[in-house]
Amino acid sequence: MPTNIRLPRDARIVILTGAGISRESGLHTFRDADGIWAKVRLEDVATPEAFVRDPAQVQAFYNTRRRDLQDRNVQPNAAHAALARLEREWRGEVLLVTQNIDDLHERGGSRHPLHMHGELLKARCQYCDHVVEERGDLSVESACPHCGLPGGMRPHVVWFGEMPLEMERIYGALAECDLFVSIGTSGNVYPAAGFVAEARAHGAHTVELNLEPSDGARAFAEGHYGPATEVVPAFVDALLQQG
Ligand code: APR
């Protein structure tokens, strides 16, 4: 893959991934024609207000997604593996930030992906903030294993209107990186959609890898388009070769 990048081998890289990277693993995106938000209104399942109004409906939505994620057919794909390889072989720092709540980066070999929108396989107590691993269903009666109170366990995910996680660390890395790569995200949801401008303002080269140019494609200096399982390994190969 031709790339316009000439980077020192120890350059700092920030990668942002979205639902598109997990599409070929069998998980749905949000805003594509067959996406999650075409079937259910986000206001009904992905806001703090929805959880107050109808906690059972919200729990059921995430219970289904948690089960789907653990389906044996849902496995990390070549794009997840390529990013893990980049992390292993690149001499400089690589920070992988994902909007995805699935665990496919971890299963693909990435060591510490930063889940800015939380993690589906974790639950959090609304009363004491304790976070636990959760592979089963949550119910409106589930009790917290830490404080013991029933009824406060919620998916450890960031809903619309809530603050994404680890923002300070992410903005710190964006300010210092030499290369920012956005993969499989439509760029519709802030603050992640603003990362490209932030990185660019600090002098980084910016690249979009996506099935097709996203709405924000013009903000990137370079773009490569096609399925993630093809464009991501090719881009990582090109990076590692020129390094
Ligand atoms: N390879 C690469 N990109 C793909 C593929 C694929 N096989 N399939 C789809 N895409 C692209 C689409 O073209 C689209 O640009 O992935 C993008 C997915 O966009 P969204 O569905 O909007 O998902 P995302 O950007 O991750 O959403 C951001 O919105 O609802 C919230 O919290 C949710 O984290 C999510 C956030």
Side-chain angles (χ1 to χ4, degrees), residues 1 15-51 58 61-62 64-66 68-69 73-83 96-105 108 113-122 154-167 170 180-196 206-220 222-236:
M1 167 188 290
I15 293 165
L16 171 71
T17 64
I21 197 170
S22 297
R23 181 66 190 94
E24 291 160 87
S25 292
L27 298 177
H28 284 292
T29 60
F30 294 94
R31 291 171 187 79
D32 291 310
D34 62 348
I36 293 171
W37 299 148
K39 292 170 207 133
V40 50
R41 279 167 22 108
L42 70 86
E43 295 82 358
D44 291 339
V45 293
T47 65
E49 294 77 17
F51 194 55
V58 174
F61 173 72
Y62 287 98
T64 302
R65 293 184 62 198
R66 200 178 295 109
D68 289 348
L69 176 57
N73 293 318
V74 174
Q75 297 294 337
N77 64 47
H80 297 104
L83 294 183
L96 175 57
V97 179
T98 184
Q99 298 168 88
N100 299 342
I101 60 175
D102 65 54
D103 65 343
L104 294 177
H105 280 304
L114 204 156
H115 285 274
M116 63 178 289
H117 290 169
E119 294 171 73
L120 188 54
L121 298 182
K122 290 183 178 170
R154 56 165 278 183
H156 183 47
V157 301
V158 176
W159 287 324
F160 286 90
E162 295 182 324
M163 182 60 83
L165 310 175
E166 308 247 30
M167 292 311 294
I170 296 171
F180 171 74
V181 189
S182 173
I183 303 172
T185 173
S186 63
N188 271 291
V189 176
Y190 283 83
F195 290 174
V196 58
T206 55
V207 179
E208 173 171 79
L209 305 179
N210 206 43
L211 190 57
E212 56 201 11
S214 70
D215 292 343
R218 272 176 302 150
F220 293 86
E222 182 176 340
H224 299 277
Y225 299 103
T229 55
E230 293 172 19
V231 291
V232 178
F235 182 78
V236 166

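Whatever order the structure lists them in is the order used to number ligands and atoms, beginning at 1.
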Exercise for review: Sequence neighbours left out, what passes side chain to side chain donor-acceptor pair (under 3.5 Å) with D44? Give chain and number order.
Suggested key: R41
Point to revise | Any P227 heavy atom less than 4.0 Å from ligand 1 | key: yes
Practice item. Could you pull out, from H115, R31, Q99, E208, the option with a heavy atom nearest to atom 27 (O) of ligand 1? Key: R31
Exercise for review: Please state whether the rings of F220 and F180 are parallel, tilted or perpendicular, taking 30° and 60° as the class boundaries.
Suggested key: parallel
Check your understanding: Is V189 near ligand 1, meaning one of its heavy atoms is under 4.0 Å from it?
Key -> yes
Review point. Does the N or O separation between T185 and ligand 1 drop below 3.5 Å for any pair?
Key: yes
Review point. Quick check: does A228 get an N/O under 3.5 Å from an N/O on ligand 1?
Key: yes
Review point. Of the non-hydrogen atoms in Q75 and L104, which two are nearest, and what is the gap between them?
Key: C-CD2, 3.9 Å
Check your understanding: Nearest protein heavy atom to atom 7 (N) of ligand 1, by residue and atom, and its distance?
Key -> E24 OE2, 3.0 Å
Revision key, fill the gap. Min over W37, Y190, Y225 of heavy-atom distance to atom 30 (O) of ligand 1 lands on W37
**Study point:** Min N/O separation N100 to ligand 1 under 3.5 Å
**Key:** no
Review point. Mind checking what makes ring-ring contact (aromatic ring centres under 6.0 Å, His included) contact with H115, not counting sequence neighbours?
Key: none
Review point. For S214 and ligand 1, does the shortest N/O to N/O distance drop below 3.5 Å?
Key: no
